[in-house]
Amino acid sequence: MNVAAKAEKESAKQSLDALRHSCAHVMAQAVQELFPGTKITIGPAIDSGFYYDFESPHRFTEEDFPAIEKRMRQIAEGNHPFIGKEVTPEESRRYWGSRGEPYKIEILDGLKGQTITHYTHGTFTDLCRGGHCENTRAIRHFKLLSVAGAYWRGDEKNPMLQRIYGTAWPTKQELDVYLKMLDEAKARDHRKLGTALDLFSIQELAGPGLIFWHPKGARMRLIMEDWLKAEALRRGYELVSTPHIANVELWNTSGHRSFYKENMFSEIEVEKADYQLKPMNCPFHILIYKNRLRSYRDLPMRLAELGTVYRYERSGVLHGLMRVRGFTQDDAHIFCAPEQIEGEVDGCVDFALEVFKTFGFDKYVMEVSTWDEATPADYSGEAADWQRAQAALESVLSKRGIDYTLIKGEAAFYGPKIDVKLIDAIGRPWQLSTVQFDFNLPQKFGLEYVAADGSRQRPLMVHRALYGSIERFFGILIEHYAGNFPLWLSPVQVKILSLTDAQVPAAQALAGRLARAGLRAALDVRPEKINAKIRDAQLEKIPYMVILGPRDVAANVLSIRLRDGRQFQGVAEESLVNTLAREQDIKQTAPSWEDA
RNA sequence: GCCGGGGUAGCUCAACGGUAGAGCAAUCGCUUCGUAAGCGAUAGGUUGUGGGUUCGAAUCCCAUCCCCGGCUCCA
């Protein structure tokens with residue numbers, strides 16, 4: 001993206017934020033008028049709209065929205081300009097004191113030495129640093145969406161406030177598009193589709209956050225795993241396999257018992273020793289590295305594993321496949337010499353891009369998180385290593401011409417990283433792949449290799465996950481494709497529907513031949529009408545249907561129906577098999593059949 | 001974990017102090033049909049769990065588990 005385009009995008013975002021922030025003020029006014037005793041706190045613009053947090057004796061529900069929206073509309077139509085005014089801290093304090101707004105006074109207390117401004121529209125004034133549209137008149141296309149609890153200043157030690165979320169757009173069309181996207185997202189919800197398509201479940205009796213993969217989901221998982229393993233081997237990784245629990249001494253050594261304790265399951269005592277379920281695979285791969293003396297000739301050593309980890313997540317944060325307590329990471333750790341890091345990072349990025357392309361994602365954003373020199377807090381490792389690693393991360397992306405955002409101070413304490421967010425079919429970002437340096441664990445475990453000159457050196461370590469977690473990636477795939485998976489991932493690729501009982505033997509024979517050709521075929525020979533069988537197959541989102549009636553059998557041809565409704569008659573069996581085998585082989589995301 | 005909203009048949013939902021119901025799915029018949037639901041019958045529930053109030057509880061109260069929307073965190 002060039003500089004001018006970036007600037008234009010930035011300015012468009014600013015005016016959108018101004019509209020939304022202004023809408024939040026108007027909502028706050030409406031709410032205070034309609035629900036006396038409500039205290040205001042903060043109300044910013046966010047990615048897709050705005051919110052305002054209130055403390056109120058009234059419990060807000062969605063049933064209150066029509067009344068609030070109606071009042072908002074009246075206020076907006078009142079044609080009030082937003083007027084900013086600089087005030088002294090004393091003035092401001094007096095104003096908020098007189099209005100009985102303790103949260104505003106608390107904010108004021110945090111603004112020592114800064115310029116204080118009040119923004120007023122009509123009869124409503126807010127303590128606010130600004131960023132408003134000119135006039136309430138601009139606020140026309142908005143909708144309140146939900147109400148939720150939120151801690152004052154995001155701290156769970158503070159009181160719980162009530163947050164009302166809304167969205168606002170410059171035009172009706174944009175608002176409608178956004179609302180439609182929300183509906184679309186709801187329809188694609190992987191929890192809903194997971195049940196409808198019988199892919200997975202979460203069982204109350206077994207516990208929250210633990211995933212049961214049903215036959216169809218497990219089939220897809222197998223395909224994802226097989227592809228990834230083959231690709232890893234092709235790229236010079238070694239596949240390893242490690243235990244699910246380990247003695248607490250391992251976690252003491254790695255440091256996880258101190259900095260990751262809240263997320264680990266409790267100890268399991270066995271013969272007077274304590275064990276813990278693994279929340280991460282890193283220490284295990286490190287032990288494999290450390291198991292014998294390594295030479296510089298052994299490097300880079302790339303150890304990969306589909307490693308299942310267990311993390312204690314607080315009950316309120318669990319979410320379908322996206323946030324669970326037991327999941328499998330496609331984890332790898334690369335141990336290398338300093339001069340190899342750029343090549344290794346490039347290999348990881350290349351692999352990640354291959355994953356996106358293969359699974360049908362063409363949009364993504366990358367972020368490089370580095371340390372912040374200004375606040376050299378508790379970073380682990382040598383400054384020279386950090387600088388070299390950060391340079392490698394940026395250099396790899398630049399050389400590939402990949403646009404990225406540099407986020408200073410966002411690095412973990414143990415090293416800088418690249419994070420990749422995928423953009424799905426309806427424009428939502430999902431945090432996926434990550435490539436992270438780790439300067440902490442090699443030190444904690446005293447990792448070494450013998451250099452060419454015979455000296456002992458510390459290897460550099462890179463963590464890397466591409467799917468992130470198989471569960472989560474699966475959830476993203478479900479939502480990205482809305483359950484309409486490409487042929488190569490579809491648990492059932494072809495379903496053969498018999499028109500009458502007379503075609504059952506032919507249907508069975510065809511199913512056998514398709515299976516032998518490496519295709520996943522299913523049969524529907526129930527004594528149902530063809531319309532009913534088609535409907536069921538459509539609801540199962542099966543990519544190809546073969547409808548077998550007396551005419552087809554007589555002519556020795558097939559009638560094909562695609563998931564998108566298109567039909568092709570008189571297709572030779574060989575042609576179907578070859579076309580599908582190829583579509584599967586090259587992992588095509590679109591169906592092969594062209595309208596004749 | 002916290003705030004709010006919910007758990008009724010495999011699924012989607014109704015009944016909201018007075019004997020628990022529908023559609024789909026399932027099972028059994030009949031129907032043999034040409035591109036999104038053929039007809040009929042049967043079966044299916046100590047209403048998440050435990051306690052309480054009441055002559056009577058799916059419905060009211062308490063506790064607890066799970067789910068949903070958020071907060072916080074994150075793969």
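Treat the numbers as computed from the prediction; the structure is a model and nothing was measured. A note on names: the letters A, B, ... follow the listed sequences, proteins ahead of strands, and every chain is numbered from 1. For the numbers below, each heavy atom of this structure counts, side chains included, while hydrogens, waters and symmetry mates do not.
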Of all the nucleotides listed ([options]), which has the minimum atom distance to the side chain of [X]?
{"X": "A/T500", "options": "B/rA75, B/rC33, B/rU35", "answer": "B/rC33"}
{"X": "A/M160", "options": "B/rU32, B/rC3, B/rG1", "answer": "B/rC3"}
{"X": "A/F327", "options": "B/rU35, B/rC71, B/rA75", "answer": "B/rA75"}
{"X": "A/V317", "options": "B/rU72, B/rA36, B/rU32", "answer": "B/rU72"}
{"X": "A/R314", "options": "B/rU72, B/rG4, B/rU32", "answer": "B/rU72"}

For the residue pair [X] and [Y], categorise the inter-ring angle as parallel (less than 30°), tilted (30 to 60°) or perpendicular (more than 60°).
{"X": "A/H333", "Y": "A/H285", "value": "perpendicular"}
{"X": "A/Y52", "Y": "A/F54", "value": "parallel"}
{"X": "A/W227", "Y": "A/Y467", "value": "parallel"}

Go through the N and O atoms of the side chain of [X] and the base of [N], and report whether any donor-acceptor pair is under 3.5 Å.
{"X": "A/R472", "N": "B/rA75", "value": "no"}
{"X": "A/Y312", "N": "B/rG1", "value": "no"}
{"X": "A/Q538", "N": "B/rA37", "value": "no"}

Would you indicate what [X] reaches in the nucleic acid, counting non-hydrogen atoms under 4.0 angstrom: base, sugar-phosphate, or nothing?
{"X": "A/P208", "value": "sugar-phosphate"}
{"X": "A/R323", "value": "base"}
{"X": "A/N531", "value": "sugar-phosphate"}
{"X": "A/Q569", "value": "base"}
{"X": "A/A532", "value": "sugar-phosphate"}
{"X": "A/E313", "value": "base"}
{"X": "A/V309", "value": "nothing"}
{"X": "A/R311", "value": "base"}
{"X": "A/S559", "value": "base"}

Report the residue from A/F359, A/F356, A/F327, A/W430 that forms a ring-ring contact (aromatic ring centres under 6.0 Å, His included) with A/F473. A/F359
Any strand counts, and the cut-off is 3.5 Å on both contacts for Watson-Crick or G-U wobble. Which nucleotide pairs with [N]?
{"N": "B/rA58", "answer": "none"}
{"N": "B/rG21", "answer": "B/rC13"}
{"N": "B/rU8", "answer": "none"}
{"N": "B/rU46", "answer": "none"}
{"N": "B/rU72", "answer": "none"}
{"N": "B/rC30", "answer": "B/rG38"}

Interatomic distance, [X] [atom1] vs [N] [atom2] [rounded to whole Å]:
{"X": "A/E156", "N": "B/rU72", "atom1": "CD", "atom2": "P", "result": "10 Å"}
{"X": "A/R526", "N": "B/rG29", "atom1": "CZ", "atom2": "P", "result": "16 Å"}
{"X": "A/I530", "N": "B/rG34", "atom1": "CD1", "atom2": "P", "result": "9 Å"}
{"X": "A/Y467", "N": "B/rA75", "atom1": "OH", "atom2": "C1'", "result": "15 Å"}
{"X": "A/D155", "N": "B/rC2", "atom1": "CG", "atom2": "P", "result": "15 Å"}
{"X": "A/E204", "N": "B/rU64", "atom1": "CD", "atom2": "P", "result": "16 Å"}
{"X": "A/E528", "N": "B/rC28", "atom1": "CD", "atom2": "P", "result": "13 Å"}
{"X": "A/I202", "N": "B/rG7", "atom1": "CD1", "atom2": "C1'", "result": "15 Å"}

Given the ring of [Y], does [X] sit roughly above its face, with NZ or CZ under 6.0 Å from the centre of the six-membered ring and within 45° of the axis?
{"X": "A/R221", "Y": "A/F474", "result": "no"}
{"X": "A/K278", "Y": "A/F284", "result": "yes"}
{"X": "A/R163", "Y": "A/Y51", "result": "yes"}

Could you measure between the two [atom1] atoms, the one in [N] and the one in [M], and give it in whole Å?
{"N": "B/rA41", "M": "B/rU8", "atom1": "C1'", "result": "25 Å"}
{"N": "B/rU19", "M": "B/rC24", "atom1": "P", "result": "26 Å"}
{"N": "B/rC65", "M": "B/rG10", "atom1": "P", "result": "24 Å"}
{"N": "B/rC16", "M": "B/rU59", "atom1": "C1'", "result": "5 Å"}
{"N": "B/rG17", "M": "B/rC61", "atom1": "C1'", "result": "14 Å"}
{"N": "B/rU42", "M": "B/rA75", "atom1": "C1'", "result": "49 Å"}
{"N": "B/rG50", "M": "B/rG38", "atom1": "C1'", "result": "48 Å"}
{"N": "B/rA9", "M": "B/rG48", "atom1": "C1'", "result": "14 Å"}

Closest nucleotide of RNA chain B for A/D552 versus for A/E471: which of these residues is on the 5' side? A/D552
Take A/R153 and A/G316, find for each the nucleotide of RNA chain B with the closest heavy atom, and name the residue whose nucleotide sits nearer the 5' end. A/G316
Presence of salt bridge, A/K417 and A/E410, under 4.0 angstrom: no
Does [X] place a side-chain N or O at less than 4.0 Å from the phosphate oxygens OP1/OP2 of [N]?
{"X": "A/Y165", "N": "B/rC71", "result": "yes"}
{"X": "A/R561", "N": "B/rU35", "result": "no"}
{"X": "A/H463", "N": "B/rA75", "result": "no"}
{"X": "A/R191", "N": "B/rG69", "result": "yes"}
{"X": "A/S146", "N": "B/rG69", "result": "no"}

Classify the side-chain pair A/S56/A/H58 by whether it contains a donor and acceptor separated by less than 3.5 Å. no
